Amino acid sequence: MNYLAPSILAADFCELGSQLDIIEQSKVPYIHVDVMDGMFVPSISFGMPVLECVRKRTKRFLDVHMMVQSPERYVDEFMRLGADGITIHVEACDCVHETLARIKSLGGKRGIAINPETPIEQALAYIEEVEMVLVMTVRPGFGGQSYIPECLDKIRNIRNEINKRGLSVDVEIDGGVRLGNLKENLDAGANVIVTGSAVFKGDIDKNIKSFLQIMNGA
């Protein structure tokens, strides 16, 4: 099944509450929360206080993407404040097995992420310990970047390996996803689609409906 996950990184934070209400009314199941620390990636986004406020405003699945060095330091607090799932980067964590186990023990959905230049083998090493693999389709750290088309092969190869092993694991993509390239990503095997600007810029409700029309027909 395909899922849309609007990223609040692209939201208007002066209007965040009302924009979350639109997503809530749309029945989109996921809200993507990009946490950036200025160390693993150059940019700083937001952290615990924002997550806590978002949790109070919505019942949707909060998909927390930790673009953070040593994410194990924050797993307990993010889960306590309302994360439903936490995705960590293989490049940023020295204790991936232990951190994934901790997320599971706290009742969270586990995800492992790789950057565009990272070989898929680094994610596949944990494929039986997670519920989701996130393929970054831009270089992490900034919104509004252009999609890197070479990532399609990574998505396809990861999906093939999941199918080969008979696993029930989602493949999430994050970065540069637009209506114009959505179908080819779905065809490659992605089924959790993160998009920020393409949802939050303009008419949010209309943008969501346009995405869902393609995703539900794929």
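Just so it is clear, the structure is predicted and the values come from calculations on it, not from any experiment.
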Given the rule that I, L, V, M, F, W and Y join up when any side-chain heavy atoms are under 4.5 Å apart, are [X] and [Y] in one cluster?
| X | Y | result |
| --- | --- | --- |
| Met132 | Ile162 | no |
| Met48 | Ile86 | yes |
| Tyr30 | Leu16 | no |
| Ile88 | Leu81 | yes |
| Ile44 | Tyr74 | no |

Distance-only, no hydrogens or angles: does the [X] side chain make a donor-acceptor pair with backbone N or O of [Y] under 3.5 Å?
| X | Y | result |
| --- | --- | --- |
| Arg159 | Ala188 | no |
| Glu129 | Ala101 | no |
| Asp174 | Met136 | no |
| Asn181 | Glu184 | no |
| Thr87 | Ala113 | no |

(request) Take Glu161 and Ile120 through the test side-chain contact (heavy atoms from CB on, under 4.5 Å) and record every step on the way to the result. (result) CA-CA 10 Å; Glu161 186 63 25; Ile120 65 169; over 6 Å; no
Could you state the interatomic distance from [atom1] ([X]) to [atom2] ([Y]), rounded to the nearest 0.5 Å?
| X | Y | atom1 | atom2 | result |
| --- | --- | --- | --- | --- |
| Ile214 | Leu186 | CD1 | CG | 8.0 Å |
| Lys56 | Leu20 | NZ | CG | 14.0 Å |
| Leu182 | Thr195 | CG | OG1 | 8.5 Å |
| Met79 | Asp84 | CE | CG | 7.0 Å |
| Asp76 | Ser105 | CG | OG | 7.5 Å |
| Asn185 | Ile155 | CG | CD1 | 4.5 Å |

(request) Return the set of residues passing side-chain hydrogen bond (donor to acceptor under 3.5 Å, both in side chains) with Gln122 (not counting sequence neighbours), or none when no residue passes. (result)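 Residues passing side-chain hydrogen bond (donor to acceptor under 3.5 Å, both in side chains) with Gln122: none at all.
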(request) Using side-chain hydrogen bond (donor to acceptor under 3.5 Å, both in side chains) as the criterion, list what pairs up with Thr118, not counting sequence neighbours. (result)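 side-chain hydrogen bond (donor to acceptor under 3.5 Å, both in side chains) check on Thr118 returns Glu91.
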Compare all side-chain heavy atoms of [X] with those of [Y] and state whether any distance is below 4.5 angstrom.
| X | Y | result |
| --- | --- | --- |
| Asn157 | Leu124 | no |
| Val35 | Leu51 | no |
| Val28 | Pro6 | yes |
| Phe40 | Asn115 | yes |
| Thr58 | Ile23 | no |
| Leu134 | Ile173 | no |
| Met66 | Met36 | no |
| Val177 | Val194 | no |

(request) Please name all residues satisfying side-chain contact (heavy atoms from CB on, under 4.5 Å) with Cys95, sequence neighbours left out, ordered by chain then number. (result)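 With neighbours one apart ignored, the set is Glu72, Cys93, Glu98, Thr99.
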(message) Going by side-chain contact (heavy atoms from CB on, under 4.5 Å), name the residues that satisfy it together with Gln19, two or more places apart in sequence or in a different chain.
(response)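 Once residues adjacent in sequence are excluded, the partners of Gln19 under the side-chain contact (heavy atoms from CB on, under 4.5 Å) criterion are Ala11, Asp12, Glu15, Phe200, Ile204.
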Which heavy atom of [X] sits nearest a heavy atom of [Y], and at what distance?
| X | Y | result |
| --- | --- | --- |
| Gln69 | Asp37 | N-OD2, 2.8 Å |
| Leu9 | Ser45 | CD1-CB, 3.9 Å |
| Val64 | Ala83 | CG2-CB, 3.6 Å |
| Ala92 | Pro71 | O-CD, 3.6 Å |
| Val138 | Gly176 | CG1-N, 3.8 Å |
| Val130 | Gly111 | CG1-C, 4.3 Å |

(message) Does this structure show an ion pair linking Glu52 with Arg55, if we count only N-O contacts that are shorter than 4.0 Å?
(response)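 Between Arg55 and Glu52 there is no salt bridge, as every charged N stays at least 4.0 Å from the carboxylate O atoms.
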(request) Flag the pair Asp187 and Lys183 as a salt bridge only when some basic side-chain nitrogen lies within less than 4.0 angstrom of an acidic carboxylate oxygen. (result)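 Salt bridge flag = yes for Lys183 with Asp187.
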(request) Among residues two or more places apart or on two chains, list those pairs meeting salt bridge (charged side-chain N to carboxylate O under 4.0 Å, His left out) that have a residue in residues 105-120. (result)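 Matches after skipping sequence neighbours: Lys109-Asp170, Arg110-Glu131.
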(message) Tell me which pairs pass salt bridge (charged side-chain N to carboxylate O under 4.0 Å, His left out) where either residue lies in residues 195-217, with sequence neighbours left out.
(response)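 Passing the test, one end in residues 195-217: Asp205-Lys209.
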(request) Check step by step if side-chain contact (heavy atoms from CB on, under 4.5 Å) holds for Asn2 and Ile193. (result) CA-CA 8 Å; Asn2 297 323; Ile193 308 300; 5.9 Å; no
(request) Let me see the working for Ile148 and Arg139 under side-chain contact (heavy atoms from CB on, under 4.5 Å), right down to the final yes or no. (result) CA-CA 9 Å; Ile148 300 173; Arg139 288 176 179 82; 3.5 Å; yes
(request) For ring-ring contact (aromatic ring centres under 6.0 Å, His included), just list the numbers for Phe61 and Tyr3, CA-CA rounded to whole Å, side-chain angles, deciding distance to a tenth of an Å, and then say yes or no. (result) CA-CA 11 Å; Phe61 186 102; Tyr3 303 99; 9.1 Å; no
(request) Consider only side-chain N and O atoms of His32 and Asp34, and report whether a donor and an acceptor are under 3.5 Å apart. (result)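 A pair is found: one side chain offers a donor N or O, the other an acceptor, under 3.5 Å apart.
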(request) Under the side-chain contact (heavy atoms from CB on, under 4.5 Å) rule, what do Phe78 and Val33 come out as? Steps first, then yes or no, please. (result) CA-CA 11 Å; Phe78 273 95; Val33 182; 5.9 Å; no
